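In what follows, a structure is listed as structure tokens, so that the remarks can point back to it.
These figures come from a predicted structure and were not determined experimentally. By convention in this document, chain letters (A, B, ...) are assigned in the order of the sequence lines, proteins followed by strands, and residues within each chain are numbered from 1.
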2 protein chains.
Amino acid sequence: MNTSLKVPIPTLERLATYLRFLIDLEASHVETISSTDVERQTGINAAQFRKDLSYFGEFGKPGVGYNVAELQSRIARILEIDQLQPVIVIGAGNLGSALIGYPGLKEHKFEISAAFDSDPGKIGRVQGGLVVQDPSELRIENERIRARIAIICVPAGAAQTVANEAIAAGVRVILNFAPIILKVPDRITVRNVSFLQELAVLSYHLTTEQRK
Amino acid sequence: MNTSLKVPIPTLERLATYLRFLIDLEASHVETISSTDVERQTGINAAQFRKDLSYFGEFGKPGVGYNVAELQSRIARILEIDQLQPVIVIGAGNLGSALIGYPGLKEHKFEISAAFDSDPGKIGRVQGGLVVQDPSELRIENERIRARIAIICVPAGAAQTVANEAIAAGVRVILNFAPIILKVPDRITVRNVSFLQELAVLSYHLTTEQRK
DNA sequence: TAGATTGTTAATCGATTAACAATC
DNA sequence: TAGATTGTTAATCGATTAACAATC
């Protein structure tokens, strides 16, 4: 095994893809799979797959392949998706509501434990079984919930402020949907999701015709 | 200028970030900006910024910097975000509805021109000014709309089928929210957005504590 | 044993960044 | 002219992939 501590981000992203794929395989009662099978079915290079796994140990049997159930549960453990993880959502607009109502999260052990919004018209309302709260409650609420993950779906103008509040409340990683670059301390990890960025890249591809 | 045709994907992603940033600068009446300013305010390396732009031409004046308004409009042109682009949304559940109702899209010249869903309970209903249609209408509808961009927000099980239908209807690039790897012809570009993948990567970061 | 497939090393490829001559 | 900053080349860094000995 590759004892180095530096796991490339692309490797982590693919790990999540493998996990999804393995869950589907298990549902279709496939017991064993080889790295070549993975390549055929996902398009991810077989050597890449093996290399990705090598950061975390040995998972297969030479000449045989990988046990689907075992690999699945070991990847889940690596990604800490084997135990329920509380998450807070800040911003209960269209997107926030969609996330709160998304059943896939719970299936992957992410549980939305609280929702916040500064709109007085939303505070106190119930969404997906949660009462929407004022962001000023964030700190006190999170003493109880102890969420380390926050999802930010507020407009760009409010994002930095709520990010600061979330961090003060003990959040350590942030999934940011606001189209803005958040300034955070080094110890905090942020991942940005931007529909507009995705669409912009696709839009460029339209101009150039071909490309794989 | 770097006449090579191969623009790295990360460069395109950053281009979208620059565009957003420049729009904000323009709103604050900043007229000129240097690559060092960009680094200070976005965290993106100054050389990187200059290199990214170099794929598309010359944009600045040595000793002076870049004209914000001009750079903004030229990047918009490169990404084809200077003219209204029709988009179809397939899947009008929580996420699909959120996208249909997202004003940021129109601001960036993406116009959702049709929405489809196979749920009979949704077909015929109006959402965000659009009548939800049966996916079997996709082909005929798109003869009129001529959208080349489709956003897929159906469950995993239905995603490949609707992708095929979208492609048959003339769609050339796909933004896929379904947690599945779509099989598409080489000429089609797909970008995947996966909340679960994002959360999984963040979840891993929690296990390792530090990291930037 | 022969065939298959792993885990890992080494080679390749591509993206980031530092350095600097050219230019305003 | 002196100072600032560009665009681009070259050096560095990191990720992908091919190759293969080890192993079932």
Return the value, rounded to whole Å, for the distance between atom [atom1] of [X] and atom [atom2] of [N].
{"X": "A:Arg50", "N": "C:dA10", "atom1": "CZ", "atom2": "P", "answer": "16 Å"}
{"X": "B:Leu53", "N": "D:dT8", "atom1": "CG", "atom2": "P", "answer": "11 Å"}
{"X": "B:Phe49", "N": "C:dA15", "atom1": "CZ", "atom2": "P", "answer": "19 Å"}
{"X": "B:Ile44", "N": "C:dT16", "atom1": "CD1", "atom2": "P", "answer": "10 Å"}
{"X": "A:Gln48", "N": "C:dT8", "atom1": "CD", "atom2": "P", "answer": "16 Å"}
{"X": "B:Phe56", "N": "D:dT6", "atom1": "CZ", "atom2": "C1'", "answer": "18 Å"}
{"X": "A:Glu13", "N": "D:dT16", "atom1": "CD", "atom2": "C1'", "answer": "15 Å"}
{"X": "A:Asp52", "N": "D:dG14", "atom1": "CG", "atom2": "P", "answer": "17 Å"}

Requested in this report: With a 3.5 angstrom cut-off on both distances, give the Watson-Crick or G-U wobble partner of C:dC20, or none if there isn't one.
Outcome: D:dG7
Query raised in the report: With both distances kept under 3.5 Å, what pairs with D:dC13, Watson-Crick or G-U wobble?
Result: C:dG14
Requested in this report: Would you indicate what A:Thr11 reaches in the nucleic acid, counting non-hydrogen atoms under 4.0 angstrom: base, sugar-phosphate, or nothing?
Outcome: nothing
Query raised in the report: Looking at the rings of B:Phe195 and A:Phe177, which for Trp means the six-membered one, are their centres under 6.0 Å apart?
Result: yes
Query raised in the report: What do you reckon, are the aromatic ring centroids of B:Phe49 and B:Tyr66 less than 6.0 Å apart?
Result: yes
Side-chain N,O ([X]) to OP1/OP2 ([N]) below 4.0 Å:
{"X": "B:Tyr66", "N": "D:dG7", "answer": "yes"}
{"X": "A:Ser35", "N": "C:dT6", "answer": "yes"}
{"X": "B:Arg14", "N": "C:dT16", "answer": "yes"}

Query raised in the report: Short question: side chain of A:Asn176, backbone of A:Ile180 - any donor-acceptor pair under 3.5 Å?
Result: yes
Query raised in the report: Within the side chain of A:Glu31, is there an N or O that forms a donor-acceptor pair under 3.5 Å with the backbone of A:Val68?
Result: no
Report task. Would you sort out whether B:Glu143 and B:Arg139 count as a salt bridge (Lys or Arg N to Asp or Glu O under 4.0 Å), showing the intermediate values? Result -> CA-CA 7 Å; B:Glu143 277 177 23; B:Arg139 202 155 181 171; 5.7 Å; no
Report summary line: With the side chain defined as heavy atoms from C-beta on, A:Lys51 is closest, among C:dT9, D:dT8, D:dA15, to C:dT9
